[in-house]
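Have a look at the structure below, then the notes.
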Amino acid sequence: MKKSNINIGIIGFGTVGAGTARILLKRNKELQSKLGTSLKLKYIADLNTRTDRGIKLRSGVLIKDAKKILNDPEIDIVVELIGGISPAKDFILEAISKGKHVVTANKALLAEKGQELFMAAKHNGVALGFEASVAGSIPIIKVVRESLIGNKIGNIFGIINGTANYILTRMTEEGVDFGSTLEEAQKLGYAEADPTFDIEGIDSAHKLAILASLAYGLPISLKKVYTQGITEITPLDIQFASEFGFKIKLLAIAKPAGQEVELRVHPTMVHESMPIAGVNGVFNAIYVEGDATGAGLYYGKGAGDMPTGSAVVSDIADIARYIRAGAVDRMQNYEISGRSGLKVKKMDDVSTCYYLRMSAIDKPGVLSKISGILGKNNISIESMIQKGRKKEKAVSMVLMTHEAKEKDMMKALKEIKKLKVVSGKPLYLRVEGGNA
Ligand code: HSE
């Protein structure tokens, strides 16, 4: 069935909903000429119809009830942009069951319930587009699914949370504290509805779970992604990192080796020579190794209304092309599978280099106690800095280690914490691209 008009209903008129609507309206003519069909924004549903989003809509387009979109037989594509699990999941399943194509930016939902949603889409012969779910404007879903299809994908390192990167960048460049920067990111529309998702690494874990599933043929394995946020990072750590030649970034890391793949999100000391260390502000970047392509770095804005809206529109356009060509049955839907047979590696078995910061009494014999514990646990020290000289008082002590096993490091840290000469909890950061 060739259609000259494709009707779209957006559910959710927040930051991304507004960006998507703005692009669809502003680029309507160009999109029509590129796609050979017109994209008609028939409805936008949001419980809040009062706030002025600065977008002129025809009368009757903005509605309160999402059901009006789901029940309208003329709607071809439902765009879910409310986020969260409920009622987003029910809306999507209902749209799919009614034969409507769906586009979503909802990484939390895909990371938790992707299996069910993709199966439902396949069963009903409709598309489920999710380009906007990872890294905003960077077309990384297309890259991994389509452009790199001829590659065996190796390591992936991603800065995939704009808010966390914005905060770390401001802390690095201007020495500002953590709290006030988070407020700025929220005002700029980068942060999640619950900003703990950004700063505790949860949003990055959602995105890594989706990417890893695409890249390695794993089922979506959110629960197996090791996740640690950036809330314990202080300006002092940023300064120490720089003295060792590193930047601190919240990295999402996937490393396949043999029959296992490491999946982890944590603040990471990244050597300044790695291009990803220079990715600042709300920008995202994803480094992907392909056996044919070699290393590639994909870079762009990872959050915000227009960059993310642009990714949503790209999915809408893809679906429109298929509808226009009467080839909906040939659409390539994503099928989650465990085809690779890879397993997620236990964090205990992961090996990295570490940065350790602790507050220790400045007196003879303290360092030997600490290094003794590390040595006993198979951990070798690469370098060390003590800040200041305060006889018999606490000073900051920083160590970089050679590669060590996570399990050994956790055991050593427990023992170090018990030392009377060490106060507070030692901070540890894992290191990439450095000193092994
Ligand atoms: N809160 C997310 C971020 C938005 O800061 O990157 C885009 O997913």
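When a residue number appears, it is its place in the shown sequence, counting from 1. None of the values given here were measured: they were computed from a predicted structure. When a ligand or atom number is given, it counts from 1 through the structure's own listing order.
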For the residue pair [X] and [Y], confirm or rule out a side-chain donor-acceptor distance under 3.5 Å.
X      : Y      : answer
Tyr354 : Glu403 : no
Ser204 : His206 : no
Lys98  : Asn71  : yes
Gln32  : Arg27  : no

So which heavy atom in the protein is nearest [atom], and how far is it from that ligand atom?
atom                   : result
atom 8 (O) of ligand 1 : Lys107 NZ, 2.5 Å
atom 2 (C) of ligand 1 : Glu192 OE2, 3.1 Å
atom 5 (O) of ligand 1 : Thr163 OG1, 2.7 Å
atom 6 (O) of ligand 1 : Gly162 N, 2.7 Å

Test applied, side chain to side chain donor-acceptor pair (under 3.5 Å); reference residue, Lys42; option that passes from Asn5, Asp72, Asn7 =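 Among the candidates, only Asp72 passes.
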Ligand-residue contact atoms, ligand 1 with [X], heavy atoms, under 4.0 Å:
X      : value
Asp203 : 2 (C)
Ala191 : 1 (N)
Ala303 : 3 (C), 4 (C), 6 (O), 7 (C)
Asn161 : 1 (N), 2 (C), 3 (C), 5 (O), 6 (O)
Asp198 : 1 (N), 2 (C), 3 (C), 5 (O)

inquiry  = Would the distance check show the side chain of Arg53 and the main-chain N or O of Gly19 forming a donor-acceptor pair, the cut-off being under 3.5 Å?
reply    =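 No: the side chain of Arg53 does not pair with the backbone of Gly19.
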inquiry  = I'd like to know if the side chain of Ser137 reaches the main chain of Lys301, judged simply by a donor and an acceptor atom lying under 3.5 Å from each other, with no hydrogens or angles considered.
reply    =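 Yes.
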ask   = Looking only at heavy atoms of Gly302, does any of them come nearer than 4.0 Å to an atom of ligand 1?
value =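 Yes; Gly302 lies near enough to ligand 1 that a heavy-atom distance drops under 4.0 Å.
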Candidate list Lys407, Arg264, Met410, test side-chain contact (heavy atoms from CB on, under 4.5 Å), partner Met347, passing option =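 Single pass found, and it is Arg264.
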query = Heavy atom under 4.0 Å from ligand 1: found in Ala185's side chain, backbone, both, or neither?
reply =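 Looking at Ala185 and ligand 1, no heavy atom falls under 4.0 Å.
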